[in-house]
Amino acid sequence: MFIPNLLSAESGSENIVRARIVVVEDEPDLRDAVAEYLGASGYDVATAESASAARTLLETQSFQLAILDIAMPGEDGLSLGRWMRSKTPIGIIYATAAGTALDRIVGLELGADDYIVKPYELREVLARVRSVLRRVPPPAEPQAAKAETTANNRRSMNFGPFHADLDGRFVTGANGTVIDLAKSEFDVLEVFLTRANRLLTRAAISEAIGFVEDPDSSRAVDIRIMRLRKKIEADPANPKFLRTVRGEGYIFSLPTGEGN
């Protein structure tokens, strides 16, 4: 099922590329309600009733964001999300039943960008969709009308043996190998790199990466930092860069002279 957005796709003579979202949910009424609401809010929305149907859909279509129900018959949403992330840089919001905190934590550890708890308000879904889409690559334009940014104009920073391309959203190691970072992990890294040597509270980090205010936001930040340390620290238990300030938050230590 595909539900196009109800807003005009053109403004004057300029094409506007709308973000594309896939909703994977086995409850038909809820699936259709979410799709129609997001479509009316300006997004192009496709739906699938199962993980199998979603896999078929992604063979021929691309999306910027997926809303995945965790508890579906057959393959569950966590497995589907892991597969999606192996194929494409897609934002993921998991939908989980109230009280299943374990599923939410596992989802975050697998690289989810956010989650919503059933039963949820459609306005909450929209708020979380907007928040995640601010952190994922925008949809490609139909024609390369804009000039490419030159290398000299790209935002980049160095730390230790690593080089971070903030515009390209990737990090390379000493030998030029690209470090495998989930979008949520890069979001956190970018916050620290652009605020190096400053104490950041969990609340400040949550706000900077666009989290909707939520009691579990602090836990989500901690999980992302834990995963990030495993990828950029030689000894994650004794970090050189991303240090904990007990009772206060975190600080990214960047020696003088680095970062340029």
Side-chain angles (χ1 to χ4, degrees), residues 64-65 81 85 89-94 96 101-117 124-138 155-160 162-172 179-256 258-259:
Q64 285 71 54
L65 175 64
R85 273 285 168 78
I90 190 171
I92 294 177
I93 298 176
Y94 283 120
T96 181
L102 179 60
D103 282 346
R104 297 199 296 273
I105 293 172
V106 171
L108 291 170
E109 291 176 341
L110 290 176
D113 295 282
D114 207 344
Y115 61 84
I116 48 179
V117 179
E124 178 189 2
V125 177
L126 179 60
R128 293 182 183 274
V129 163
R130 287 172 172 168
S131 175
V132 171
L133 285 175
R134 286 197 294 267
R135 313 196 299 272
V136 300
R155 296 182 304 136
S156 63
M157 296 186 70
N158 298 317
F159 59 103
F162 301 101
H163 175 78
D165 186 323
L166 301 183
D167 291 325
R169 293 182 62 80
F170 65 88
V171 176
T172 54
I179 307 302
D180 182 20
L181 296 180
K183 288 187 296 298
S184 57
E185 295 163 7
F186 192 93
D187 292 338
V188 173
L189 178 61
E190 183 174 10
V191 169
F192 282 114
L193 287 176
T194 55
R195 300 163 176 80
N197 300 319
R198 290 167 51 186
L199 175 64
L200 299 178
T201 64
R202 290 176 177 82
I205 298 168
S206 295
E207 181 179 358
I209 62 179
F211 269 169
V212 176
E213 187 63 29
D214 188 282
D216 289 331
S217 290
S218 292
R219 173 61 175 159
V221 167
D222 290 339
I223 289 174
R224 283 158 170 76
I225 288 174
M226 177 184 66
R227 294 202 314 259
L228 186 57
R229 279 175 172 160
K230 291 179 179 179
K231 297 179 180 181
I232 67 171
E233 299 283 2
D235 181 3
N238 297 285
K240 171 186 175 183
F241 302 113
L242 221 172
R243 298 187 295 107
T244 300
V245 180
R246 189 174 299 277
E248 297 291 339
Y250 297 94
I251 187 169
F252 195 92
S253 297
L254 197 62
T256 303
E258 290 194 15

Test R85 against D113 for salt bridge (Lys or Arg N to Asp or Glu O under 4.0 Å), laying out the working first. CA-CA 11 Å; R85 273 285 168 78; D113 295 282; 2.5 Å; yes

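- Closest non-hydrogen pair, R195 versus A208, comes out as NH2-CB, 4.1 Å.
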Go through it in stages, so that I can follow the logic: the residues are R198 and L254, the test is side chain to side chain contact (heavy atoms under 4.5 Å, CB included), and I'd like the CA-CA distance, side-chain angles, deciding distance and then a yes or no. CA-CA 10 Å; R198 290 167 51 186; L254 197 62; over 6 Å; no

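- D187 contributes atom CG, which lies 8.0 Å from atom CZ of R224 (distance to the nearest 0.5 angstrom).
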Determine, step by step, whether R227 and V188 satisfy the side chain to side chain contact (heavy atoms under 4.5 Å, CB included) criterion, reporting the C-alpha distance in whole Å, the side-chain angles of both residues, the deciding distance to 0.1 Å, and the verdict. CA-CA 11 Å; R227 294 202 314 259; V188 173; over 6 Å; no

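- Using a 4.5 Å heavy-atom threshold, the side chains of Y250 and D222 count as touching.
- Note that the CD1 atom of I232 and the NZ atom of K240 stand 10.5 Å from one another [nearest 0.5 Å].
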Step by step, work out the side chain to side chain contact (heavy atoms under 4.5 Å, CB included) result for F192 and I225. CA-CA 10 Å; F192 282 114; I225 288 174; 4.0 Å; yes

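- Heavy atoms only, all atoms of each residue included: F159 and L193 are closest at CD2-CD2, 3.8 Å.
- In this structure T244 satisfies the side chain to side chain donor-acceptor pair (under 3.5 Å) test together with R229, sequence neighbours excluded.
- Closest approach of S253 to N197, counting heavy atoms only: CA-OD1, 3.4 Å.
- G81 and Y94 make their closest contact through CA-OH, 3.5 Å (heavy atoms, listed as atom of the first residue, atom of the second, distance).
- In this structure, E233 contributes its side chain and F241 its backbone to a donor-acceptor pair below 3.5 Å.
- Evaluation of the side chain to side chain donor-acceptor pair (under 3.5 Å) rule for R130 yields no partner, not counting sequence neighbours.
- Nearest heavy-atom pair across I90 and L65 is CG1-N, 3.7 Å.
- The two residues F252 and L242 come nearest to each other via the heavy atoms CD1-CG, 4.0 Å.
- At least one donor-acceptor pair under 3.5 Å links the side chain of K231 to the backbone N or O of D180.
- Taking the side chain as every heavy atom from C-beta outward, I223 and E185 never approach each other to under 4.5 Å.
- Rounding to the nearest 0.5 angstrom, the gap separating the CG atom in L189 from the CZ atom in R169 is 9.5 Å.
- How far CD1 of I92 is from OH of Y115: 15.5 Å, rounded to the nearest 0.5 Å.
- Looking only at distances, no side-chain donor or acceptor of D165 sits under 3.5 Å from a matching main-chain atom of F170.
- Rounding to the nearest 0.5 Å places CZ of R128 at 4.5 Å from CG of D114.
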CA sep, side-chain torsions, deciding dist, call: L228, L181, side chain to side chain contact (heavy atoms under 4.5 Å, CB included): CA-CA 8 Å; L228 186 57; L181 296 180; 3.9 Å; yes

